[in-house]
Every structure is written in structure tokens, then in C-alpha cells.
> 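What follows is a structure written as C-alpha cells; I'll ask about it next.
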There are 2 protein chains.
Amino acid sequence: MSPYDPSAFPPFAVTVDLVVLTVRRHALCALVVRRGEPPFQGRWALPGGFVRGDEDLAAAAARELAEETGLCAHDPASPALGNGAHLEQLATYGDPKRDPRMRVVSVAHLVLAPDLPAPRAGGDANSARWAPVEDLLGQENGFGREGEQPAPLAFDHARILADGVERARSKIEYSSLATAFCPPEFTVGELRRVYEAVWGVALDPRNFHRKVTGTPGFLVPAGGTTTRQGGRPAQLFRAGGATLLNPPMLRPEV
Amino acid sequence: MSPYDPSAFPPFAVTVDLVVLTVRRHALCALVVRRGEPPFQGRWALPGGFVRGDEDLAAAAARELAEETGLCAHDPASPALGNGAHLEQLATYGDPKRDPRMRVVSVAHLVLAPDLPAPRAGGDANSARWAPVEDLLGQENGFGREGEQPAPLAFDHARILADGVERARSKIEYSSLATAFCPPEFTVGELRRVYEAVWGVALDPRNFHRKVTGTPGFLVPAGGTTTRQGGRPAQLFRAGGATLLNPPMLRPEV
DNA sequence: CCAAAAGTGTTCTGAGTACACCCATGG
DNA sequence: CCATGGGTGTACTCAGAACACTTTTGG
């Protein structure tokens, strides 16, 4: 079978889907858009779209991200830049029946973004919003609010979202990725609240402070202080050059 | 743009490429096949092939693996079974120019296999062999043998192989995946030599023994002993049910 | 007897945990 | 003055690192 023969291989549609995570009001939230057409019309879905014929996968993900949120993300090789979003490839989903219309292989990407004012519904998306992942996936932990159980996400997007959340949860253990959820300058307490929101646990503020300030290259002082969280003024930091956290931040047992 | 309109999205070819790793003669080795046709004719490449129209990605990877090696791997969800191979999705490579003939998106998979007699060249592959990853990627460590620098792998396969090796190296830290490199029954020393080959370091045999036998569910005694490594008879073990290793095995600093 | 690998015991030390305590601000 | 969060000091504990030592085979 010659590779030049188009009948030797079936044609696929290739898309990118985005798991865009942020921390809002002490909860881990994901960006979802409402579908304006069948299938799954009216249901929430992850943002995404077709990869163009001459476009790299990461470029397609960055383009879709910009179209849907105005965020400017960057190459997977170099993490956080621009207005701070981190983008990396997550996994690829290619079940033959995942889209009832045709054979679609979707390369999911994970984006970690600082808290943004409000998603702007742009392009082909009817409307967009931030939703707590706990609501989107069903209450994994016991302490979720009861009652409002929204319709499940379209396609296999609940699975993709769950994989993205799991990736984010494990990756902040051994990397400085949690800073991607923070504004350019942040306090140790704000960074701690990111960990607490993503992991759904409480951390000891004193030991956390020692751990992150004692790891060389993790945080660099930005010079100023802030009282935006109340209490005693806190030093402001920027993310340092170190991307790997060794020894890792230990996630308390559940 | 309606998704039903075939002109709305460009058609892609979708393939799976396999990073098949094993440990032979105290070295980490990868399975490579010689290309019988252009482009890159005569060069070594990773095994792989087109995904069929009604086939899941993992199924395509398992099929290609069986065609090339006779190995029987299994679903990514459940790790090692059959004759012991572990298969998981690695990453997806979709640079528009990665294949000069056409637009190909390749979903790479990682396979960890115990030492096999010899690869059987099957199907569309001219010939196949195990090659030390150190030779295929250029000597990362100083202690590689000099001189014989083979031609680089075809396409972007060196990058894919490097990503697969890196995944394997990091994943055996915190999982029981290293047992996938071992036969069904193995000794603690054999398992230690797997770690040493994959990481390229020397580990303290005494502390390693305590660590793996002291982690509940990691190893279960198989009952017998063997002297196939010489010296005092060693207990035989099987891989236990535990898949996560906590606390992780610590990789010594380079 | 000796080499080689398996396995056990013991000491030292680095890092996480828990928690008492002080600091600096806003209201 | 006091509530709130920021930050430091310290004792306890656990697990990895290093290494002396014993065990059991093959040659």
C-alpha cells in the first residue's frame, strides 16, 4: 500500500479542544461554551475547533484560545508568557463514535490562566462562561453544593476535562506551574490559595511559606507589598526561573 | 461553517507511531524498523502505521504492535497483561511539514516490554531490531561508546523517541511500571537492574531491597527462588496490585 | 576457600508536620 | 483595641543515605 494512494488511508477531521482552567473565588473553574447547533445543541462543551491545513497543533490551540478568550498563550516549550497563560498538549481522543457526524480525532490541550475579568463570547461560540469543575464533573468531594446538577458536557468532554484537571493537580506538585494561575505579581498567600483550590485541601500557611520561599529560583521578590488580602502587608513575588520543584510540594492525603 | 460540509475542514491522515522500550544487556533499547521506501529509505524509524477508519487509537497501536513484534498489549486503562507489555498514549505530533508527502498527524504510543528473544520482521517492515536508545539519540551521558554514530531516525522520530524515554524515566519513579520491563516472575535484583538501566545510574542494592519489599502491594512473593543471577538464591516476586508508588523511588542526582 | 549476589541492622541527617509565637495593617 | 492575614522559631518524626555485616549459593 503506497502512502501516496489516497484510498490507502481514511481521511480524518482533526480538531483541538481546550481545557482552560483558572481559579475564581477559591474554586477551580473551567471555560465552557454553549453549543449553538446539533448535536448536543444547547449543552455546554469545551471550546475548540478544526485544525487548519497548514497549521501546527499548538498553533491551532493558541489561535482557538485567542478567539474564545482573548488570552495570548505561547509555545508548549516555554511555559508562561504574555498575559500569563500556560499551554501544553494534554492527550488525543479518537474513539470512532465520539462524534456522531464523522470521524474526528481531537487533540486536547490544557491551558492554565490567571483569573480573568469575564470570558468574551467570540467567534462561533454562542456564549461562554467559567464553571466550577466540581459542578461540571459531579461532586467528587463531599463538600460540593447539592441540588444544581447541570447537564453533562457534550461529546466526551467530561472525560477530557477530568483528564485535564488531573494533569493540573498532579503537575503543580512537582513544578512551578501553579504560578500560571496567578497574576504577574502575587503574594505567598495567594499562591497558597491556588494550591488549596486546585487540590481542594487546606495547607498550613506557615510551612507553605517556608517551602516556597526556601526553594531557590521558585519565587523572586518583586519589591513591593500589598494588603489586598487584608492583614499585615505581604511581599509581592514573581515566578522565578525554576520550573521544576524538587523536592515536590506534598499533597495531603484525602 | 457547518461541520457537515467537507470543505469546512481539511482532511488529515492519522497514524500511530510506537516507542517500544525494553531492557537488554543492562541497556535501555528501543524497537526500530528499516524503511523500505522513500522518504528516508534505508533509514531506521519507529514502527507505526495508519489508523483504520473504524478503529480506536489504542486499538490501532495494539494492532501495529502485534504485527511488528507479536507482542500482545492491552488497553491503556489496564496496564500490563498478556505477555506483559504496557501500552499508553504518549503524545501527538502534527507539524505540517513532518511528512514531506502529505499532512499526517501521528499519535505516538509508549510500550514497555520485557526482554524478548528477537524482533520478528513482519508485515510491511523490511527488518526490525533493538537498538540502545543511547545510540539512537546520541550519547546523552558521557559513558557511551564513541565512534559508531548511526544515521538519525527518520521524520521527527528522534524527538518522539526522546519524549517516550523521558516519560518512561519519570514514570517509573512514582509507579510500579518498571515491572513491565521484567518477566512475570523476577527478583529484586533484576528489578533494580531495570531502574539502573533506564536511569543510567547505580543504586544501593540494600536500600533498594528495603524500599521495594517494604512498599505494601508493590511486590508479592511468587514462592520460589532462583540463582540465575549467581550468588545466593533470590526470592521470586510478581508485580503486586499497587500501581502507584508512594513515596516515590528517588532518582539520584546526575 | 573465595567470589558474588542476597538480605538485615544501625546510624546519621534532611525535610515535612504541628504548633507556639510575634508582626503589621485596616477598621 | 482587635480581627486578620503575614512571617519566624522550634521540637518531633519519618524516611532516605551510607555502610558494616551476615547468608547462601557456584566454582
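Within every chain, numbering begins at 1; the chains are lettered A, B, ... in the order of the sequence lines, protein sequences first and strands thereafter.
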> Which residues pass the ring pair (Phe, Tyr, Trp, His ring centres under 6.0 Å) test with Phe218(A), not counting sequence neighbours?
none
> Of all residues at least two apart in sequence or in a different chain, which pass the side-chain contact (heavy atoms from CB on, under 4.5 Å) check with Thr226(A)?
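Only Thr187(A), Arg228(A), Leu236(A) meet the side-chain contact (heavy atoms from CB on, under 4.5 Å) criterion with Thr226(A).
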> Please list, in numerical order, the residues of residues 183-196 of chain B that have a heavy atom closer than 4.0 Å to any atom of DNA chain C.
Gly189(B), Arg192(B), Arg193(B)
> Walking along DNA chain C from 5' to 3', note the first and the last nucleotide with an atom under 4.0 Å from a heavy atom of chain B, and give both.
dA4(C) to dT10(C)
> If you look only at pairs with a residue in residues 194-205 of chain A, which of them pass as a salt bridge (Lys or Arg N to Asp or Glu O under 4.0 Å), with sequence neighbours excluded?
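Sorted result for residues 194-205 of chain A: Arg192(A)-Glu196(A), Asp204(A)-Arg206(A).
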> Using the rule side chain to side chain contact (heavy atoms under 4.5 Å, CB included), only one of Leu18(A), Val165(A), Val19(A) pairs with Ile160(A); which is it?
Val19(A)
> Listed by chain and number, what are the side-chain contact (heavy atoms from CB on, under 4.5 Å) partners of Ala162(B), not counting sequence neighbours?
Leu137(B)
> Please enumerate all residues that pass salt bridge (charged side-chain N to carboxylate O under 4.0 Å, His left out) together with Arg193(A), with sequence neighbours excluded.
none
> I need the Gln235(A) CD to Leu219(A) CG distance, nearest 0.5 Å.
10.0 Å
> How close or far is atom C1' of dG7(D) from atom CG of Leu219(A), stated in whole angstroms?
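These atoms are roughly 14 Å apart.
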> Taking only residues two or more places apart in sequence or in another chain, which ones pass salt bridge (charged side-chain N to carboxylate O under 4.0 Å, His left out) with Arg251(B)?
Glu173(B)
> Please enumerate all residues that pass side-chain contact (heavy atoms from CB on, under 4.5 Å) together with Ala178(A), with sequence neighbours excluded.
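With sequence neighbours excluded, Ala178(A) shows a side-chain contact (heavy atoms from CB on, under 4.5 Å) to Ile172(A), Leu191(A), Val194(A), Tyr195(A), given in chain and number order.
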> Could you tell me whether Arg25(A) sits above the aromatic face of Trp130(A), with NZ or CZ closer than 6.0 angstrom to the six-membered ring centre and within 45 degrees of the axis?
no
> Can a salt bridge be assigned to the pair Asp163(A) and Arg159(A) using a cut-off of 4.0 Å between side-chain N and carboxylate O?
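Counted as a salt bridge, because a side-chain N and a carboxylate O are separated by less than 4.0 Å.
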> Keeping to residues at least two apart or across chains, list the salt bridge (Lys or Arg N to Asp or Glu O under 4.0 Å) pairs with something in residues 230-240 of chain A.
Glu185(A)-Arg238(A)
> Which heavy atom of Ala202(B) sits nearest a heavy atom of Pro252(B), and at what distance?
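Closest pair (atom of Ala202(B), atom of Pro252(B), distance): O-CG, 4.5 Å.
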> If I take atom CG in residue Leu236(A) and atom C1' in nucleotide dG6(D), what distance separates them, rounded to the nearest angstrom?
12 Å
> Counting side-chain heavy atoms from CB outward, which of dG7(D), dG16(D), dG5(D) is closest to Pro247(B)?
dG16(D)
> Does any residue of residues 202-212 of chain B have a heavy atom under 4.0 Å from DNA chain D, and if so, which ones, in number order?
Asp204(B), Arg206(B), Asn207(B), Arg210(B), Lys211(B)
> Show the distances under 3.5 angstrom between N or O atoms of the protein and N or O atoms of nucleotides 23-27 of chain D.
from, atom 1, to, atom 2, distance (Å)
dT23(D), O2, Arg232(B), NH1, 3.0
dT24(D), O2, Arg232(B), N, 3.4

